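Reviewing the structure listed below.
We count residues from 1, following the sequence as given. Owing to the predicted nature of the structure, the values given are computational and were not obtained by experimental measurement.
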Amino acid sequence: MSSPAEPRPVRAVIVDDEPLARDCVRIALARLGEVEVVAECADGEAAVEAILEHRPDLVFLDVQMPGLDGFGVVERVGAARMPAVVFVTAFEEHALRAFEVHAADYVLKPFDDARFGDAVRHARRQRGAEAGEEIRRTLEALLRDYRGGEGQGAAVGGRPVTRFMVQENDRIHFVATDEVDWLEAAGNYVRVHAGSRSHLIRATLTGIAAQLDGSRFVRIHRSTVVNVDRIKEVQPWFGGDYVAILRDGQQLRVSRNYRDALLRPLS
């Protein structure tokens, strides 16, 4: 009599633009066992290719990535073709509401081992046609919720974020949005200016702006978002542009393409 075949290990793809974050997921999976990592991706485009090529059972998907973000990966692959997903996110608690409302698995950076284990165990149970339909419905609902709030100062779940998670060396701490004076695009990062300090966040300015309270944070240039409470005065400049002078004396250019968005809240 032949012995029953051993169950096939769960095949997983890890997607995160930060090497340290990918290492953390891989190490956590090794501790849990029974999960085979078939690919690691540092950006959304590579993630789409890996998911379509390897057809994994599970994807650990970073939400905030320059270029094609985690939700963009889901859109590109298609919710119907996506495997079970554990979203890896630095969103603070208020912005996690959408994941919880739609029963989507997520782990919060820095990783919580207990939550990580629960998410993996739940995702491993999502196999088969019936589970695939549940995954599709969950992802489509998430996409509607997330994309519906973009450009309106709404975060995931419809609430603006109240703090950012920033990493300095090996330490992670939070910066409240109330402390933020202005933000500027810096390549694949956003530099957050808060008082005498500044912090780099791996994200796009458009993505960050979509999570902020639109009544307080206004885009004044393609590379600048400002907290209107910090503005002391606005002066005309050349070519229809303006200059916003902050309370600390910092001067920020206001592009004519964005000046109406700034002047309306101030009027």
Side-chain angles (χ1 to χ4, degrees), residues 11-26 28-29 35 37-91 95-96 98-99 102 104-111 116 119-120 123 126 132 135-136 138-151 154-157 161 164-167 183 185-191 200-211 222-223:
R11 301 168 68 252
V13 169
I14 301 172
V15 183
D16 201 301
D17 62 309
E18 294 286 355
L20 178 60
R22 295 197 301 274
D23 290 345
C24 289
V25 172
R26 189 187 335 103
L29 287 174
V35 177
V37 177
V38 297
E40 294 187 26
C41 307
D43 59 72
E45 298 289 348
V48 172
E49 294 181 9
I51 292 168
L52 295 177
E53 176 185 351
H54 294 284
R55 301 289 181 182
D57 304 298
L58 175 60
V59 177
F60 292 89
L61 185 58
D62 186 14
V63 175
Q64 293 174 292
M65 293 183 292
L68 192 67
D69 65 9
F71 289 101
V73 170
V74 175
E75 288 179 318
R76 188 78 62 83
V77 173
R81 292 189 292 178
M82 282 294 295
V85 179
V86 174
F87 290 97
V88 182
T89 177
F91 286 138
L96 295 175
F99 295 114
H102 300 299
D105 283 310
Y106 69 88
V107 291
L108 184 64
K109 297 178 182 179
F111 306 119
F116 186 91
V120 172
Q126 291 183 305
I135 293 170
R136 182 191 65 80
T138 296
L139 293 177
E140 287 180 347
L142 267 174
L143 287 174
R144 286 194 300 271
D145 199 345
Y146 179 76
R147 295 307 186 198
E150 280 194 343
V156 172
V161 296
F164 295 117
M165 186 183 75
V166 298
Q167 182 172 344
L183 307 93
N188 290 331
Y189 293 82
V190 172
R191 185 174 297 279
L200 281 176
I201 298 177
R202 185 82 168 179
T204 65
L205 188 63
T206 297
I208 290 292
Q211 301 171 43
R222 60 184 176 84
S223 61

side-chain contact (heavy atoms from CB on, under 4.5 Å) partners for [X], two or more places apart:
X	result
Val48	Leu52, Leu68, Val73, Arg76, Val77
Ala50	Val13, Ala39, Cys41, His54
Arg191	Glu184, His193, Ser198, Leu200

Only counting residues at least two apart or in another chain, list the ones meeting side chain to side chain donor-acceptor pair (under 3.5 Å) with [X].
X	answer
Arg81	none
Glu18	none
Asp17	Arg202
Glu49	none

Can you tell me how far the [atom1] atom of [X] sits from the [atom2] atom of [Y], to the nearest 0.5 Å?
X	Y	atom1	atom2	value
Asp62	Asp69	CG	CG	9.0 Å
Met82	Ile51	CE	CD1	4.0 Å
Leu183	Ile208	CG	CD1	7.5 Å
Gln64	Asp16	CD	CG	10.0 Å
Leu61	Leu139	CG	CG	9.5 Å

Show the nearest heavy-atom pair for residues [X] and [Y], with the distance to one decimal.
X	Y	value
Val25	Phe116	O-CZ, 4.0 Å
Pro83	Ile135	O-CG2, 3.6 Å
Leu205	Ser223	CD2-C, 3.4 Å
Gly70	Met65	N-CE, 3.8 Å
Glu40	Arg26	OE2-NE, 2.6 Å

Are more than 12 heavy atoms, taken from residues, nucleotides or ligands other than Arg222, located less than 6.0 Å from that residue's CZ atom?
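Open.
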